[in-house]
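Heads up: the structure comes next, in structure tokens.
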Amino acid sequence: MAVAPVPEALVRDARARTRIRRRVLDWYARTARPLAFRETSDPWAILVSEVMAQQTQAARAAEAWTRFMAAYPTPASLAAASSADVLRAWRGLGYNRRAIALQRAARVIVDEHGGRVPSDLEALQRLPGIGPYSARAVAALAFGRHVGAVDTNVRRVLGRAFFDEPPDAGTLQALADALVPRRQPGLWTHAVMDIGATVCRIRAPHCDACPLRSWCAYAAAPAGSVRVGRLGRATGNVPAFAALSRWLRGRILDRLRDLGDGAWLAFDDVIGLHDTTAVAVALRGLAGEGLVELREGNRSPEARLPTG
DNA sequence: AAGGCGGGGCT
DNA sequence: AGCCCAGCCTT
């Protein structure tokens, strides 16, 4: 078993990187997950897929993506839509703020970039809902830029293979960037994420099937040594009331999705089983994020999906 | 640096 | 019954 190279050596050793790339790309050519959004090269379609995949399993995002792209095939089409319709198209995906942010991004693309998704990394990251990961993913997948997109999969794969303890974000990003091949940045990006999703899983990794096996510190670690598991943010205890707040927001949005366009829903009709204060807090929160509009009704305050 | 934000799949 | 998922934004 080869000793795992320290990341600094790997960044310097072009031959080692070449071997790693070849092994990974060969593996990907045989085993790639058939995700619908991998069939497109349209930057807008790729951007939409990345937003949908944020904290959402890629296979499930792919199903929604196909429907969404049929409705909103261009930035201009999403920019011109009503937010209510966009939220309806987002049903089932969760994190509904993403839908509003995506529409805002489409409007920025139309207003400031001539309706074309920008290829510049900084411009991408300025778009609403596009952070460090998504900007790099779009840059690499849609524009062939040589940037490493570090998501939870890549963090785990590279962390396990090339570090003995969780690296800081800058160190990890530098290694991810250095590993991107000259020729096929998009294929590489998909490939590393697939390793994390199907082989280098957080539990019960399939090291024997891994293209990085011969370089990997994790696979080589003797039994009993410390093994790095999840490399993202530590998960703290989630209070029960937090889950309830999210759940209530979701139920309210689903009620509003089922109403006709522009129809208002009275707070009193939402409350039913729910605590009056909890409903009010949820609606204020939704309004503050642009997910609903509020007005004072006759009996009680009223809410609807945004018509703009 | 920490907390909020969904819904579904997997173990 | 938890834990996790192609993260991002706000405070």
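Naming: A, B, ... by sequence-line order, numbering from 1 per chain. Keep in mind it's a predicted model, so treat the numbers as computed, not measured.
A distance of about 15 Å separates the C1' atoms of dC3(C) and dG6(B), rounded to the whole Å.
The residue Gly131(A) sits close only to the backbone: its heavy atoms come under 4.0 Å of sugar-phosphate atoms, none of a base. Within 4.0 Å of Ser134(A), counting heavy atoms only, lie sugar-phosphate atoms of the nucleic acid but no base atom. When heavy atoms are screened at a 4.0 angstrom cut-off, Leu291(A) is found touching no nucleic acid atom at all. Within 4.0 Å of Ile130(A), counting heavy atoms only, lie sugar-phosphate atoms of the nucleic acid but no base atom.
Of all nucleotides listed (dG7(B), dG4(B), dT11(B)), dT11(B) comes nearest to the side chain of Arg203(A). Across dC8(C), dA6(C), dG2(C), the shortest atom-to-atom separation from the side chain of His190(A) is found for dA6(C). Of the candidates dC5(C), dT11(B), dC8(C), dC8(C) carries the atom nearest the Tyr133(A) side chain, counting heavy atoms from C-beta on. Proximity note for Arg60(A) (side chain, C-beta onward) versus dG9(B), dA6(C), dG7(C): the nearest is dG9(B).
Gln173(A) places a side-chain N or O within 3.5 Å of a backbone atom of Gly148(A) that can act as its donor or acceptor partner.
For the pair Thr56(A) and dG6(B), the criterion of a side-chain N or O lying under 4.0 Å from OP1 or OP2 is not met. Proximity of Gln54(A) to the phosphate of dG7(C): no side-chain N or O atom is located under 4.0 Å from OP1 or OP2.
For dA6(C), its base sits under 3.5 Å from the side chain of Arg38(A) at one donor and acceptor pair at least.
Using a 4.0 Å cut-off between charged nitrogen and carboxylate oxygen, Asp261(A) and Arg88(A) count as a salt-bridge pair.
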